[in-house]
Amino acid sequence: MTLNEPYIMKNFLNEAAPVIRKAVFPIAGLGSRFLPVTKATPKEMLPVVDKPLIQYAVEEAYASGIRQMIFVTGRTKRAVEDHFDTAYELETELERAGKHELLALARSIAPSDMACIYVRQHRALGLGHAVLCARPLVGQEPFAVILADDFMVSQRPVLAQMVAHFEQFRCSVVAVAQVPPTEVNKYGIVEGRQHSSGALELTHVVEKPALGQTASTTAIVGRYVLMPTIFDHLAVIASTQTVGEIQLTDAILQALKTEAVHALAFEGKRYDCGSKLGMLQATVDIGAQHPDVGQQFALWLSERQNQL
Ligand code: G1P
């Protein structure tokens, strides 16, 4: 698969009986790191070349066999709902103009077998709280969580790799990557022992440790497959914690006392599109492989490099 080939029509897992049917997309965050663009535009709608981050994330879930997309949304996020809705005016105009390829492209964003469900997170109480908001929609089944600003490029969708691991071991799975020791304070950091599958079986996890607090540089990066028991842990934290954000990492730490959680070092490249630098890196890499402009852009980049 080339980088820009949409996942949306492909299925990497057994569609007949998917074990993970629902994905939760926490998108209520304010995106203040990208002001001013995020004043009225959701950060999840920022594009890597011509596709918004949230669409890449939804395509990854779809390609992993998931058909129910649950968005935990907030004020100012209407554009996300519109993006996955029918655009009557646009479609009518494209049809009238005979622009069939563009029409198919517009319609492919929301295939007819995909359901988009929205729930509001009324207060900014953190990732754990956002996931807890999805509880009535997820119910008692394992589910995925995708953070759209962790943008993944891989041969096989990262979430599909995790779902395959889940199918085999039936325990929660978090995606991990190595980060520089100076950046551990930006992530959930895991410790564990080697499992026979090659994954790490977690023994400890801590949210944004101070530098030097842990020797581990293995960070959770925006993809989770979780057992529904996580909701019980989140609910306890939500009812007892009086200050600060409710962290998903803290609920995972609680889960470790009674169940296994695996950390999977996936095949693929991750871009931190929650930061300007990561967004620029993703834009250059995807731009250089884009079917329309990739060749020209790559040529321009190398000429520019020679001029510097
Ligand atoms: C969140 C999680 C953190 C994880 C990170 C991955 O943090 O709380 O554990 O490592 O996403 O991007 P945030 O980036 O929302 O502060």
Side-chain angles (χ1 to χ4, degrees), residues 4 6-8 22-63 66 68-91 105-111 114-134 137-138 143-153 157-159 186 221-224 245-248 270-283 286-287:
N4 275 282
Y7 288 145
I8 205 108
K22 303 177 180 183
V24 173
F25 301 87
I27 60 165
L30 292 177
S32 45
R33 278 197 274 169
F34 276 98
L35 279 170
V37 68
T38 47
K39 186 179 175 207
T41 302
K43 69 171 174 167
E44 297 76 15
M45 288 303 293
L46 298 183
V48 174
V49 186
D50 52 8
K51 195 187 283 186
L53 286 171
I54 190 66
Q55 190 182 335
Y56 287 104
V58 165
E59 289 181 359
E60 185 182 329
Y62 190 98
I66 292 169
Q68 296 182 50
M69 312 298 174
I70 300 168
F71 300 86
V72 182
T73 179
R75 292 178 290 278
T76 78
K77 301 287 176 164
R78 266 286 303 275
V80 174
E81 294 176 44
D82 291 342
H83 189 71
F84 291 101
D85 200 353
T86 306
Y88 284 108
E89 207 178 1
L90 174 71
E91 291 183 20
L105 179 71
R107 286 185 174 154
S108 73
I109 295 169
M114 182 173 104
C116 293
I117 307 154
Y118 300 88
V119 59
R120 282 253 179 140
Q121 183 182 14
H122 297 286
R123 288 187 298 156
L125 288 177
L127 177 60
H129 180 257
V131 172
L132 192 54
C133 290
L137 299 167
V138 172
F143 64 103
V145 175
I146 297 190
L147 309 184
D149 54 14
D150 277 317
F151 173 57
M152 304 290 193
V153 175
V158 172
L159 190 62
K186 293 187 193 165
V221 285
R223 300 289 181 281
Y224 307 77
E245 294 192 338
I246 293 158
Q247 300 296 352
L248 184 55
R270 169 228 176 213
Y271 297 87
D272 175 12
C273 286
S275 77
K276 288 174 198 164
L277 182 63
M279 197 68 177
L280 287 167
Q281 290 164 337
T283 303
I286 298 295

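Count residues from 1 along the sequence. Note that these values count all heavy atoms, side chains included, but never hydrogens, waters or copies made by symmetry. Note that the coordinates shown come from a computational prediction; the quantities given were computed from them, not determined experimentally.
Of the inter-residue distances, the one linking Arg107 atom CZ with Glu91 atom CD reads 4.5 Å to the nearest 0.5 angstrom. Ser275 contributes atom OG, which lies 6.0 Å from atom CZ of Arg33 (distance to the nearest 0.5 angstrom). Here His122 contributes atom NE2 and His129 contributes atom NE2; the two are 8.5 Å apart, rounded to the nearest 0.5 Å. The distance from the CD atom of Gln281 to the OG1 atom of Thr283 is 9.5 Å, given to the nearest 0.5 Å. Put simply, CG on Leu159 and CD1 on Ile66 are 4.5 Å apart, with the number rounded to the nearest 0.5 Å. Atom CD1 of residue Ile109 and atom OG1 of residue Thr86 lie 10.5 Å apart, to the nearest 0.5 angstrom.
Of all the heavy atoms in Ile70 and Val138, the pair that sits closest is CD1-CG2, 3.9 Å. Summarising the geometry of Ala106 relative to Leu90, their closest heavy-atom pair is CB-CD2, 4.2 Å, with the distance given to 0.1 Å. Here the closest non-hydrogen pair linking Phe25 and Ala61 is CZ-CB, 4.0 Å. When all heavy atoms of Val80 and Tyr118 are compared, the closest pair comes out as O-OH, 4.0 Å. Shortest non-hydrogen contact noted between Ala28 and Gln121 is CB-OE1, 3.3 Å. Residues Cys273 and Gly278 come closest through the heavy atom pair SG-O, 4.0 Å.
Using a 4.5 Å cut-off on side-chain heavy atoms (C-beta onward), Leu46 and Met279 make contact. Two residues are said to be in side-chain contact when any heavy atoms from C-beta on lie closer than 4.5 Å; Phe143 and Val24 meet this criterion. Between Met114 and Met69 the shortest side-chain heavy-atom distance falls below 4.5 Å. Two residues are said to be in side-chain contact when any heavy atoms from C-beta on lie closer than 4.5 Å; Val119 and Thr73 fail this criterion. Side-chain atoms of Thr38 and Leu30, non-hydrogen and from C-beta on, never get closer than 4.5 Å to each other. Within the 4.5 Å cutoff, side-chain heavy atoms of Ile286 are placed close to those of Val153. Considering only heavy atoms from C-beta on, Phe84 comes within 4.5 Å of Val58 through its side chain. A 4.5 Å side-chain heavy-atom check between Val72 and Ile27 finds every atom pair outside the cut-off.
The main-chain N or O of Leu137 is found under 3.5 Å from a side-chain atom of Lys22 such that the two form a donor-acceptor pair. Side chain of Arg223 to backbone of Leu147: a donor-acceptor contact under 3.5 angstrom is found. With hydrogens and angles ignored, the 3.5 Å screen pairs a side-chain donor or acceptor of Tyr56 with a backbone N or O of Val48.
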Next item on the list: Assess whether side-chain contact (heavy atoms from CB on, under 4.5 Å) is satisfied between Glu60 and Val158, documenting all intermediate values.
Entry: CA-CA 8 Å; Glu60 185 182 329; Val158 172; 3.6 Å; yes
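For the side-chain hydrogen bond (donor to acceptor under 3.5 Å, both in side chains) test with Glu44, the passing option among Lys77, Gln55, His83 is Lys77; the others fail.
Taking the six-membered ring where tryptophan is involved, the planes of Tyr271 and Phe151 are tilted, since the angle between them lies from 30° to 60°.
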